[in-house]
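Accompanying notes for the structure given below.
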Amino acid sequence: MSDINPILSGSAESIAAYQDAIEQSTKAVVQWLQQPEMYQGKTVEQLRERINLDFTSQGLGNQVAIERAVEYFLKDSLSVHHPQCVAHLHCPSLVISQAAEVLINATNQSMDSWDQSPSATIIEVKLIEWLREQVGYTAGDSGVFTSGGTQSNLMGLMLARDAFFARQGHSVQQNGLTGNLSKIKVFCSENAHFSVQKNMALMGLGYQSVTLVKTDEFSRMDVSDLADKLAQAKANGEQVLAIVATAGTTDAGAIDPLTEIVALAEKEQIWVHVDAAWGGALLLSEKYRHYLDGLELADSVTLDFHKQYFQTISCGAFLLKDARHYQLMRYQAAYLNSDFDEEQGVPNLVSKSLQTTRRFDALKLWMGLEALGKKQYAEIIDNGVTLAQQVAEFVSAQPELELVMQPQLASVLFRFRPGQGDTAFVALLNQRIGDALLASGAANVGVTEADGVTCLKLTLLNPVVNLADVKVLLASVTACGQQLLNA
Ligand SMILES: Cc1ncc(COP(=O)(O)O)c(C=O)c1O
């Protein structure tokens, strides 16, 4: 074994090695941040060819390992902060979030039990209390930080399922699923996130359990179709364990009519989970908070901070309106969250989470809120929503471009629309525009479908991007479209 101790600790050698490694890494990041290109434009094959793993028995040492990471990872990374990087709900990060990561990583607290993360546990609990207040829930600490929207949606669906069976006197936790499972349904809109399907499959109920409700011209759940389908389900002897409403669909940013959905659900005692992974950013908004009216009525809520809260990946939360439902996932492990601890009121957060070992991601949100203050945070969130409206107006005025849907949050759906070609031709052309821009390294524009129409998507999260930047991008889209047509 090498005589150099590789572990981070308080020894003088370890501290020196830590400082060297961090300094070398941050210097590389600073250089990378100044690269003008959004991406170096390498293909899948080129990267497979270029990247090789070099695991020698002697080890390369920290310095060389970092140099190799810079060469093979950093240089060919996508610049998510670049103004032309607008394909996904993938945000540039706050500087303070980076500082928080240094603290999170160096301390390596684990959120499963209080004795592994004393101050961190209390900070997370206080943030959950604060988030509940923002949503409009009663005071309490029912909720937990998660790895993101997919996991938060899983928690909502799982607790909805188990509450549904519990009402019939059956414990899924103890005895597993029972009865005619093909009759058990979850409702969500056609534009809900695919994690609903994946989670239902994971929960043993399959994709077949998901009934899709039609959407209106703005991709929002059509409440009259929901009412019809609920009535139909009843007539078919089906049982609906949850309705998943979305506050901010992934492409259109559509917010389902929350209050009306809850009103329908209440009549039938159906759990409503709101996936506010994206739209939850409006909790901080000064201009658009009212878009979320009705969120406080939901039984559970998904929030994601690695979207329009500008936190590094990962950082999400799950909120549960009625704390009693946490009993449905109660499990006491003697070494982590014993009854003895519970009686003493020790907050071992493993009791509220699907994860055991868990990062202290809550610190990023805490530091973000403290550093920016609510006003600046609101401004950077509102910026994207307002910019999308301006971009939509500009797109509508361009003869070669067509606005596919009026923006609702910070995304713009549009397509290059030449005067020639049928639907399939235009769809392929737009797909090729997206691919060509990424291959050139110039821009990352989303390619998606809205109501069966293949279109391009700009997700305008980045608060330092302005209309002039987007005009540059739209000019590239048009030029690329013309080139492809001429080729
Ligand atoms: C509406 C919505 N819900 C859930 C998710 C999944 O979130 P995550 O990627 O954090 O798991 C996404 C991801 O984009 C989303 O847009």
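Given the structure is predicted, the values throughout are model-derived calculations rather than measurements. Just so you know, ligand 1 is whichever comes first in the structure, and atom 1 is the first atom listed for that ligand. Heads up: numbering here begins at 1 and tracks the sequence.
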Report, in ascending order of atom number, the atoms of ligand 1 lying under 4.0 Å from any heavy atom of [X].
{"X": "Leu89", "answer": "14 (O), 16 (O)"}
{"X": "Ala277", "answer": "2 (C), 3 (N), 4 (C)"}
{"X": "His306", "answer": "10 (O)"}

* To do: Report the C-alpha distance between Arg358 and Glu124 in whole Å, list the side-chain angles of each, state the deciding distance to 0.1 Å, and finish with yes or no for salt bridge (charged side-chain N to carboxylate O under 4.0 Å, His left out).
  => CA-CA 12 Å; Arg358 187 163 58 84; Glu124 171 162 335; 3.0 Å; yes

* Asked: With a 4.5 Å limit on heavy-atom distance, are the side chains of Gln98 and Ser93 in contact?
  ->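 Side chain of Gln98 against side chain of Ser93, heavy atoms only: contact under 4.5 Å found.
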
* To do: Kindly indicate whether the side chain of Tyr326, heavy atoms from C-beta on, has any atom under 4.5 Å from the side chain of Ser351.
  =>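 Side chain of Tyr326 against side chain of Ser351, heavy atoms only: no contact under 4.5 Å found.
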
* Asked: Looking only at side chains, do Glu379 and Asn383 share a donor and an acceptor under 3.5 Å apart?
  ->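 There is no such pair between these side chains.
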
* **Heavy-atom nearest neighbour of atom 5 (C) of ligand 1 within options Gln151, His88, His193** =>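 Checking each option, the heavy atom nearest atom 5 (C) of ligand 1 is found in His193.
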
* Best match, Thr150, Thr246, Thr250, Thr249: closest heavy atom to atom 16 (O) of ligand 1 ->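 Ranked by closest heavy atom to atom 16 (O) of ligand 1, first place is Thr250.
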
Do any nitrogen or oxygen atoms of [X] lie less than 3.5 angstrom from nitrogen or oxygen atoms of ligand 1?
{"X": "Asp304", "value": "yes"}
{"X": "Gly248", "value": "no"}
{"X": "Lys307", "value": "yes"}
{"X": "Trp278", "value": "no"}

* How about Phe145 and Phe305: are their ring centroids closer than 6.0 Å? ->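 Yes: the rings meet the under 6.0 Å criterion.
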
* **Test item: Asp76 side-chain N/O and Tyr72 main-chain N/O as donor-acceptor pair under 3.5 Å** =>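 Not confirmed, Asp76 side chain does not pair with Tyr72 backbone.
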
* Asked: Between Arg167 and Gln269, is there a donor-acceptor pair closer than 3.5 Å when you use the side chain of the first and the backbone of the second?
  ->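 Answer holds: yes.
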
* To do: Among all protein heavy atoms, pick out the one at the shortest distance from atom 3 (N) of ligand 1; state its residue, atom name and that distance to 0.1 Å.
  =>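 I find the closest protein heavy atom is Asp275 OD2, 2.6 Å.
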
